[in-house]
Colleague: 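I'd like to ask you about the structure that follows.
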Amino acid sequence: MAIQGKDVRISLFLSLALISCVANGADHLTPRRLLTNLCTFDVTHHGVKAGAGQCKQNAVALTKVWVQACQSVAPAKVLIPPGTFEMSPVVLEGPCKNPITFEIQEELSMDKAPVSGHPVHSIKFCKVTNTVISGFTSLNPPAFHMHVIGSTNFTAHSLTITAPDESPNTDGMHISTSCNVKVLNSKIGTGDDCVSVGQGNTDVTISGIQCGPGHGISIGSLGKYKDEKNVNKVLVTDCKFIGTDNGARIKTWLNSPNLKATDITFQNLVMDMVKNPIVIDQEYGSKSPVPSKVLLSDIHFRNITGTSISDAAVNVVCSKKFPCCVDMANIDLVYKGTDKLPEKFECANAKLTFTGKQNPAPCPCRR
């Protein structure tokens, strides 16, 4: 992970099992300058110890290492060498003088105890700029694997994210209030959304994801809280969903504040025995009689093929307050459920346009 920019904050809530294949580092508090002009700080040379019973001591030591790296006159690397390291919650903050690489390879296993009454995230990227994370494995966290919040120019690729299909709230990656985020070429299987795009995001690309098990790739839920911000320009492309509850989904709360979600495209997706391949649900999350006030516009579902285990492969239920505008192009979803039922296209409060093949066949939208 390369982390750079103003107001950098990374929250690690962890009992860490970290493995690395690089062990060159610094002695005491003096970094070793490598040929690449990268100052490398080996945490085991700064008081971080492997084995049990070191949680608090390791957290203090890692914080000190981070401060040294953050003040480095050259780009720096904080290195976790081979071994198993336990650690209490720690916050690594900026701004820093130069970019920092935080090298974690293989697997991150988190403590399942909550912190200050809040659910634990494997790793939380808060207000980071120009960040790249790759080659990272997250296994069985108690809540979100990763949360990206308030960040700009963030790219994650080549990730392996795994949790049991019955584990609640284990979103592979949740993104909120961020700009120019890319999640690419990764394998994600969880008990919740593989990737969830929350409020306040602009320019998010999700591509090359193998999702399953899980709840699919979701925009939302949106509109639960009164101070939420608009969502604009989200692209989900070239992904495969295997045995998921949902595929391409947008969900907004009833009785929401006024909010907009615009320029959202799901395209070139393959569904393999997915329960609900295409879903817009603007009656999510409560039993309020007040309709959702999240306006969905410029919404596109294009080139989506495969199999569904539900007879309603397409389910578009929009807001009675703001009927949504949706473009459907080249949809071919074959029902493979155990019951011999006719395929259905369910629709309410929507303005739809159709291009190319449509299977299941569309029907008039109810109001």
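Numbers here are sequence positions counted from 1.
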Colleague: Using a strict cut-off of less than 4.0 Å between a Lys/Arg side-chain nitrogen and an Asp/Glu carboxylate oxygen, indicate whether Lys233 and Asp263 qualify as a salt bridge.
Modeller: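 Answer for the salt bridge query: no.
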Colleague: Starting at NE2 of His145, measure out to CG of Asp171 and round the result to the nearest 0.5 Å.
Modeller: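 So the NE2 of His145 and the CG of Asp171 are separated by 8.5 Å.
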Colleague: Test your reading of the model: is there a side-chain donor-acceptor pair from Asp245 to the backbone of His215, 3.5 Å cut-off?
Modeller: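 No, because the side chain of Asp245 does not come within donor-acceptor range (under 3.5 Å) of the backbone of His215.
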Colleague: Would you please say whether a donor-acceptor pair under 3.5 Å links the side chains of Ser158 and Asn185?
Modeller: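 Not at all, the side chains of Ser158 and Asn185 share no donor-acceptor pair under 3.5 Å.
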Colleague: Out of the candidates Val43, Thr44, Asp42, only one should pair with Val65 under the side-chain contact (heavy atoms from CB on, under 4.5 Å) rule; please name it.
Modeller: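 In the set Val43, Thr44, Asp42, the residue that makes a side-chain contact (heavy atoms from CB on, under 4.5 Å) with Val65 is Val43.
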Colleague: Once you round to the nearest 0.5 Å, how far does OG1 of Thr84 lie from CD of Gln54?
Modeller: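 Interatomic distance, Thr84 OG1 to Gln54 CD, rounded to 0.5 Å: 12.5 Å.
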Colleague: Could you go step by step and tell me if Asn232 and Thr262 meet the side-chain hydrogen bond (donor to acceptor under 3.5 Å, both in side chains) rule?
Modeller: CA-CA 5 Å; Asn232 182 52; Thr262 61; 2.8 Å; yes
Colleague: Is Val314 close to Leu333 at the side-chain level, that is, under 4.5 Å between some pair of heavy atoms?
Modeller: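 With C-beta onward as the side chain, the pair touches.
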Colleague: Working to the nearest 0.5 angstrom, can you tell me the gap between Thr252 OG1 and Leu296 CG?
Modeller: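 Interatomic distance, Thr252 OG1 to Leu296 CG, rounded to 0.5 Å: 6.0 Å.
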Colleague: What residues, two or more places apart in sequence or in another chain, satisfy side chain to side chain contact (heavy atoms under 4.5 Å, CB included) together with Pro164?
Modeller: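 With neighbours one apart ignored, the set is Asn140, Glu166, Ser167.
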Colleague: Hey, what do you get for OG1 (Thr170) to CD1 (Ile188), rounding to the nearest 0.5 Å?
Modeller: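 Rounded to the nearest 0.5 Å, the OG1-CD1 separation comes to 11.0 Å.
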Colleague: Apart from Leu295 itself, what residues make up its hydrophobic cluster when side-chain heavy atoms of I, L, V, M, F, W and Y under 4.5 Å apart count as a link, directly or indirectly?
Modeller: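 Same cluster as Leu295: Phe322.
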Colleague: Measure the distance from the SG of Cys211 to the SG of Cys239 and say whether it is below 2.5 Å.
Modeller: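 Disulfide absent: SG-SG distance not under 2.5 Å.
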Colleague: Which ring-ring contact (aromatic ring centres under 6.0 Å, His included) pairs, counting each pair once, include a residue from residues 238-263, with sequence neighbours left out?
Modeller: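 Residue pairs passing ring-ring contact (aromatic ring centres under 6.0 Å, His included), neighbours aside: Trp253-Tyr284.
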Colleague: Any pair with a residue in residues 153-211 that passes ring-ring contact (aromatic ring centres under 6.0 Å, His included), sequence neighbours left out, goes on the list, sorted by first then second residue, please.
Modeller: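 Those involving residues 153-211 are Phe125-Phe154, Phe144-His174, His147-His174.
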Colleague: Does any pair with a residue in residues 323-337 pass side chain to side chain donor-acceptor pair (under 3.5 Å), and if so which ones, sequence neighbours excluded?
Modeller: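 Residue pairs with at least one partner in residues 323-337: His300-Asp327, Arg302-Asp327, Asn303-Asn330, Asp332-Lys357, Asp332-Asn359.
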Colleague: Using links of under 4.5 Å between side-chain heavy atoms of ILVMFWY residues, direct or through other members, which residues join Val279 in one cluster?
Modeller: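 Reading the cluster by chain and number, Val279 sits alone, since nothing else belongs.
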Colleague: I'd like to know if the side chain of Asn201 and the backbone of Ile175 have a donor-acceptor N/O pair within less than 3.5 Å.
Modeller: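 Yes: the side chain of Asn201 pairs with the backbone of Ile175.
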